[in-house]
Amino acid sequence: MSDVKEFIRETVTTHPVVLFMKGTAQFPQCGFSGRAIQILKDNGVKKLVTVNVLEDDEVRQGIKDFSSWPTIPQLYVQGEFVGGSDIMAEMNENGELKKLLDGSGATA
């Protein structure tokens, strides 16, 4: 499990915006992941790394342990856990998400 934890830590700290999701950005495998991708696209995110948790059960469980958050998708911006699709939607509505994403350099 430490290899998985290291993979997660390295992924979220070396990329400005990372979404752990079910499926891919091109083909989300659940509605919540699809909603998260759409929110990021609507905010102009160009530099997005996605991790398909359906490809690896250890990563799927590992990300839940890493964040102490039970559901997927999970958004990380500049190494910090932001939340799932509901939190993303709420932050999107009040403008917080746009500020956070613009500040990450991922929308340039």
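No hydrogens, no waters, no symmetry mates; every other heavy atom, side chains included, goes into these values.
Side-chain contact between V51 and M21 is absent, with no heavy-atom pair separated by less than 4.5 Å. Proximity of K64 to I72: side-chain heavy atoms (C-beta onward) are separated by under 4.5 Å at one or more points.
Separation of atoms NZ (K5) and CD (E58) is listed at 13.0 Å; rounding is to 0.5 Å. With values rounded to the nearest 0.5 angstrom, F20 atom CZ is found 4.0 Å from I63 atom CD1. Considering CZ of R60 and CG of D56, their distance stands at 11.0 Å, rounded to 0.5 Å. Atom-to-atom distance recorded for H15:NE2 and E10:CD is 7.5 Å, nearest 0.5 angstrom.
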Evaluate the salt bridge (charged side-chain N to carboxylate O under 4.0 Å, His left out) criterion for residues R35 and D86: first the C-alpha distance (whole Å), next the side-chain angles of each, then the deciding distance (0.1 Å), finally the verdict.
CA-CA 9 Å; R35 182 173 163 202; D86 289 347; 3.0 Å; yes
Step by step, work out the side chain to side chain contact (heavy atoms under 4.5 Å, CB included) result for L97 and N43.
CA-CA 8 Å; L97 188 61; N43 279 282; 4.0 Å; yes
Give the C-alpha distance, both sets of side-chain angles, the deciding distance and a yes or no for side chain to side chain contact (heavy atoms under 4.5 Å, CB included) between L40 and L75.
CA-CA 10 Å; L40 293 172; L75 177 66; 4.2 Å; yes
Apply side chain to side chain donor-acceptor pair (under 3.5 Å) to residues D42 and N92 and explain how you reach the verdict.
CA-CA 9 Å; D42 290 349; N92 188 44; 5.5 Å; no
With side chain to side chain contact (heavy atoms under 4.5 Å, CB included) as the test, would you mind laying out the steps for I37 and I39 before giving the verdict?
CA-CA 5 Å; I37 288 291; I39 290 169; over 6 Å; no
As a quick check of understanding, evaluate side chain to side chain contact (heavy atoms under 4.5 Å, CB included) for I87 and W69, giving each step before the final call.
CA-CA 12 Å; I87 290 171; W69 191 261; 3.4 Å; yes
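Looking at every heavy atom in both residues, S104 comes nearest to V77 through CB-CG1, 3.7 Å. Counting all heavy atoms, side chain and backbone alike, P73 lies closest to A36 at CG-CB, 4.0 Å.
Residue pairs satisfying the salt bridge (charged side-chain N to carboxylate O under 4.0 Å, His left out) criterion with at least one member in residues 11-26, sequence neighbours excluded, are absent.
For E90, the CD atom counts as loosely surrounded, since its 6.0 Å shell holds 12 or fewer non-hydrogen atoms of other residues, nucleotides or ligands.
Side-chain contact of Q61 with D57: a donor-acceptor pair under 3.5 Å is absent, judged by distance alone. N52 and T24 are not linked by any side-chain donor-acceptor pair at a separation below 3.5 angstrom, with hydrogens and angles left out of the test. Side chain to side chain, Q74 and S67 meet the donor-acceptor criterion of an N or O pair below 3.5 Å.
Below 30°, between 30° and 60°, or above 60°: for Y76 and F66 the angle between ring planes is between 30° and 60°, a tilted geometry.
F7 and L54 sit in two unconnected hydrophobic clusters of ILVMFWY residues. Membership requires side-chain heavy atoms under 4.5 Å apart, directly or through other members. A chain of hydrophobic side-chain contacts below 4.5 Å, direct or via other Ile, Leu, Val, Met, Phe, Trp or Tyr residues, connects M88 to V49. Clustering ILVMFWY residues whenever any of their side-chain heavy atoms sit less than 4.5 angstrom apart, transitively, puts L19 in the very cluster that holds M91.
Distance alone, capped at 3.5 Å, places no donor-acceptor pair between the S33 side chain and the Q29 backbone.
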